[in-house]
Protein chains: 2
Amino acid sequence: MTQENQSTGNVTIVDVAREAGVSYSTVSRVVNNFKYVKPDTRERVEAAMDRLGYVANLKARSLAGGRSQVVGMLLYELDTSYHVEIVRGVDAEITNSEYDLMLSTTHKRRRKESAYVTQLTQGMVDGFLFVLPRYLEAYTEDLDRQQVPYVLIDHPGIDGIKSNTITATNWQGAYDATQYLIDLGHSRIGFITGTIEVASAQERLAGYQSAIRDNGFFVDPELICKGDFLEDSGYEAAKKFLSLAEPPTAIFASSDVSAFGAIRAIDEAGYLVPQDISVVGFDDVPESSYIRPRLTTVRQPLREMGQLATRMVLARIEDPTLPVEQVELPTVLIIRDTCQSPVDSKFMRAV
Amino acid sequence: MTQENQSTGNVTIVDVAREAGVSYSTVSRVVNNFKYVKPDTRERVEAAMDRLGYVANLKARSLAGGRSQVVGMLLYELDTSYHVEIVRGVDAEITNSEYDLMLSTTHKRRRKESAYVTQLTQGMVDGFLFVLPRYLEAYTEDLDRQQVPYVLIDHPGIDGIKSNTITATNWQGAYDATQYLIDLGHSRIGFITGTIEVASAQERLAGYQSAIRDNGFFVDPELICKGDFLEDSGYEAAKKFLSLAEPPTAIFASSDVSAFGAIRAIDEAGYLVPQDISVVGFDDVPESSYIRPRLTTVRQPLREMGQLATRMVLARIEDPTLPVEQVELPTVLIIRDTCQSPVDSKFMRAV
DNA sequence: ACTTTTTGTGCAAACGCTTGCAGAAATTAT
DNA sequence: ATAATTTCTGCAAGCGTTTGCACAAAAAGT
């Protein structure tokens, strides 16, 4: 706050050293909390740092082999609450630490994704968070070689490579929701998948199918419609279901957002949710409790996933010897207002 | 993709130079698109870079005086859609550029805010985006000295310093909404302020007051309640209005989120929106059209503000001589379902 | 043909820090 | 008292770039 260095306007380690009457390596040592520094010296240096308002230059620090104090986060986009919720969790945790967050979205650009990763691992971040990465294979190798700790969020990792992962019980969540619908009396339940290349989408589909079969029903391919987690695909899928000779009395969408789309289609067709068709989503994004009727859905603890993932990278940055960890968080069925027994449904055929 | 450097595992400029048979400065020059490089040489170097999979080390690059290719973004939090929407705008624009985004939230920690800024300006970012900064005075000086371009989003800047800013027509927006309510027949309109230290909150209040007066009404202090843009403050404010001897027939909240809180209070008290009380918000965050009844609100183009702000910093990073610019974007009243004439309101007293 | 200017390239010195090595000082063991 | 440790501090060599300076080569003036 008081004096300034003349050249760049920044106080460097050298200025502090001069002020404290020690060598610059000693300053570096107190900054890095090195063991062998005389308490007395340490104090003098700290006083000098305070007096000059010293702030470490991260570029230099990490160039020289230290930490950059930033963790990178790569996600597909920021448009849906799904991603935002995870970011919120990450932010909450990062904020409590000495680290900063470097956020990057890939959108559709496959090439940029891997270029970005090398860019960052080589130059910018101490650790990485990947949310539902699409082309993981393209850079895991790099990541491993660089020894940059990373954790995958909502992605089980790829075969042959043990990665730190944090996922939710997708299969169980889908199973539970389907069972709930069956218990309510539904037997024809339409399912809208997520982006089917994604593991969680596959697991949800499998959970749905298992529940159907376990209850002695038949998995009707007509009732499974491909989607991509987004609203439009939910809308289209629901329209298709509605045009069936015998439409389902319930629809289970692989994401809340696609459930919103489905509800819109049902609404436009002049039917009622949940009277004619029950709807269940997956995720429990904030909007789900804003819309009317409020969406019944399988809650995935997105924030917690973000927080936990952050804690995991941070821990591994501090101590790279920590073992690989794969955490699976439980989902829970949140019952709200979009489901009911199909007895009064226009689509319920007499038994 | 083919070969790798032995020591760190990273391909450096020196490796490329060796491979291409030129000096490393020449490589640097082609990387930086320097003018005086023989086309032939440039080609050889580029080929070598491709062959070795060279990726510039940003730390080194910026340490040595170049760009770090990252812009910092500082915001209070990520919990409300207000902030997220702006981030989305920023992201959309950043994604189209060669830059990355470093995101940081300050939450309540005043001290960290300015420490963070120096940290980053000294070491990490080429430009800065501030969303509704709280303690701007603490670092504008630093910013100016460091010559780091920055733009303030939803903040008019501080006296005596010309900053790049991007704001919305807060006064006019509030005026329009109030006028709309008056045109509907309301005369007792409760107003819930935002965090009153913030300029936009003051402007909205002023807009409201002007409209009241311009219509020949009296600004009743009883009908102005302090808030902080957040849900709880809206809830409390509405409760207070409801407990008045003569409650207002309409409430205008300085943010959508506080409007949500107000609606919750009205709901809990057993009254109906908009039959008994009309409600208007400000911002038009996505949730506003999800809730039922859908919120009538003053739309602030948050995404556009983020995008535009990003374009502004980016331009100033590339060309620091660009003049300071202060952009004000228009708000627009979005009429949805939370307002109606007060004739049937329980709170309408006979004239 | 001979300056002058424009291009093109290399060397070396930063940028601000970390860290291995070496030696000095203080502490403990013998 | 002397040797062996442990603690503390400074020096110097990097980390991977950018960039000013010097000089060579090519192009343009005269």
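Within every chain, numbering begins at 1; the chains are lettered A, B, ... in the order of the sequence lines, protein sequences first and strands thereafter.
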Report yes if at least one side-chain N or O of B:Tyr36 is closer than 4.0 Å to OP1 or OP2 of C:dT7; otherwise report no. yes

Report yes if at least one side-chain N or O of A:Thr26 is closer than 4.0 Å to OP1 or OP2 of D:dG10; otherwise report no. yes

Hey, is the main chain of [Y] close enough, under 3.5 Å, to the side chain of [X] for a donor-acceptor pair?
{"X": "B:Thr41", "Y": "B:Val37", "value": "no"}
{"X": "A:Arg88", "Y": "B:Leu78", "value": "yes"}
{"X": "B:Asn164", "Y": "B:Glu325", "value": "yes"}
{"X": "B:Thr12", "Y": "B:Val14", "value": "yes"}

Taking only the side-chain heavy atoms of A:Lys38 (C-beta and beyond), determine which of C:dG10, D:dC8, C:dC15 contains the nearest atom.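 Selected nucleotide: D:dC8.
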
Select one nucleotide: of D:dC8, C:dG8, C:dG10, the one nearest the side-chain heavy atoms of B:Thr41. C:dG8

Plane angle bin for B:Tyr76 and B:His107 - parallel if under 30°, tilted between 30 and 60°, otherwise perpendicular: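 The arrangement is tilted - the two ring planes meet at 30° to 60°.
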
Could you tell me the separation between the [atom1] atom of [X] and the [atom2] atom of [N], rounded to a whole number of Å?
{"X": "B:Lys35", "N": "C:dT9", "atom1": "NZ", "atom2": "C1'", "result": "16 Å"}
{"X": "A:Lys59", "N": "C:dA14", "atom1": "NZ", "atom2": "C1'", "result": "13 Å"}
{"X": "B:Leu58", "N": "D:dT18", "atom1": "CG", "atom2": "C1'", "result": "14 Å"}
{"X": "B:Arg18", "N": "C:dG10", "atom1": "CZ", "atom2": "P", "result": "14 Å"}
{"X": "B:Asp40", "N": "C:dT7", "atom1": "CG", "atom2": "P", "result": "18 Å"}
{"X": "A:Phe34", "N": "D:dT9", "atom1": "CZ", "atom2": "P", "result": "11 Å"}

Under 4.0 Å between a Lys/Arg side-chain N and an Asp/Glu carboxylate O for A:Asp15 and A:Arg18? yes

If a protein heavy atom is under 4.0 Å from the base, mark B; if only from the sugar-phosphate, S; if neither, -; do that for nucleotides 17-24 of chain C going 5' to 3'. BBBBB---

Reading DNA chain C from 5' onward, which residue's closest nucleotide shows up sooner: B:Leu63 or B:Arg42? B:Arg42

Looking at A:Tyr36, I'd like to know if the NZ or CZ of A:Arg29 sits under 6.0 Å from its six-membered ring centre while staying within 45 degrees of the ring's axis.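 Cation-pi check for A:Arg29 and A:Tyr36: fails.
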
